[in-house]
Amino acid sequence: MKINLKTANKVTQIHAEAGALSSLGSIAAELVKGRRAAIVSDSNVAPLYLERAKAVLTAAGFSVGGIVVPAGEASKQPEKLLELWAEFNKLGITRKDVIVALGGGVVGDLSGFAAATYLRGCPIIQVPTSLLAMVDSSIGGKTGIDLPFGKNLAGAFHQPVAVVTDSNMLQTLPQNRYTEGMAEVIKYGCISDAELFRGLECGSVSAEDFVARSISIKAGVVERDEFDLGERMLLNFGHTVGHAIEKNMGFGGISHGEAVAIGMVIAAKLGVRLGVTPQDVPERIISVLERYGLPTTTTYSATELAAAISSDKKNLANKLHFVLLENIGKGVLYPIEPAALIDELKTILI
Ligand code: GLY
């Protein structure tokens, strides 16, 4: 599958197919003028794929350097940004050259922000290696790092020149990371693709297929609302409560996907309560999540989640755009004040 995602001042080529990594060199050579490449990867992914990525870029005429950061969220730190800028400098990267993010969401966000800011912006190609990065974080140009007082608090929109998604890479992904990514795939079914959801319900959709469908949905949403002012907020289905659970458990205590899974169930139940969502929807979501090994309940009370919901950076001007489902396949934004949301949550959570 190849999609051209058109945003305000860039076109991102998205290539998604089994074996796409072997085309990375030719894609980069077509899209960038310079012939230097800095590949940023992490300590889990580099042993598996760095040499191959280097080889295909070298074969396409690039002089290539590899930079490996420790795997895990702890690498999304300002200090790591300084290290990447220094490495880019050592490799002689100019604005005509290219940064390649080879990894999951952490590598994509960190190197995306480093590319957005180095020399006021260098081209980047995202090569996502986790399911979550393939279907979500590699597409749409959101980049960033964590600050001591919160996740993703510094960042930039920086659209990649290309995203190269090789579904064969899923074969080396640990089961828990695969499960985590499935939460986002299920989310796409919930908010915009009833057929995908039905395929997930009966297990009849292949990984290559659901990755491609998820990418198309995300690309369409980003094209229509690059800067997250409207429709793109639908991608946050399950995320308001999910983030609050993550914050309460301490980041790392629960995976993002697991927290979002629980958040989706709560959002569906809330939708029923508010008269927006049909009665059968929460149960359907619960059974799909269970089918893919995701959790569906939390022991946190609404009061315990309240502070995190009120302080979320996305809850601008004290109005929160909570995402509800009009049905499976149709997400809607439901403006609500955080205090009112927390009152509603009290009726659902013990
Ligand atoms: N992951 C949500 C977004 O890209 O907007």
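Predicted model only: the values in this text are computed from it and were never measured. Whatever order the structure lists ligands and atoms in, that order sets their numbers, starting from 1.
Aromatic pair Y118/F88: ring centres closer than 6.0 Å.
Partners of R120 according to the side-chain hydrogen bond (donor to acceptor under 3.5 Å, both in side chains) rule, which considers only residues two or more places apart in sequence or in another chain, do not exist here.
Each of the following atoms of ligand 1 lies closer than 4.0 Å to a heavy atom of L235: 3 (C), 5 (O). Using a 4.0 Å cut-off to heavy atoms of K218, the atoms of ligand 1 that qualify are 1 (N), 2 (C), 3 (C), 4 (O).
Counting heavy atoms closer than 4.0 Å to ligand 1, residue D136 contributes side-chain atoms (C-beta onward) but none from N, CA, C or O.
Residues L48 and V106 do not share a hydrophobic cluster, defined by chaining ILVMFWY side chains whose heavy atoms lie under 4.5 Å apart.
Using a 4.5 Å heavy-atom cutoff, the side chains of V100 and V127 are in contact. A 4.5 Å side-chain heavy-atom check between H15 and M1 finds every atom pair outside the cut-off.
Residue N236 places no N or O, backbone or side chain, under 3.5 Å from any N or O of ligand 1. Taking only nitrogen or oxygen atoms, main chain and side chain alike, D228 does not reach within less than 3.5 Å of ligand 1.
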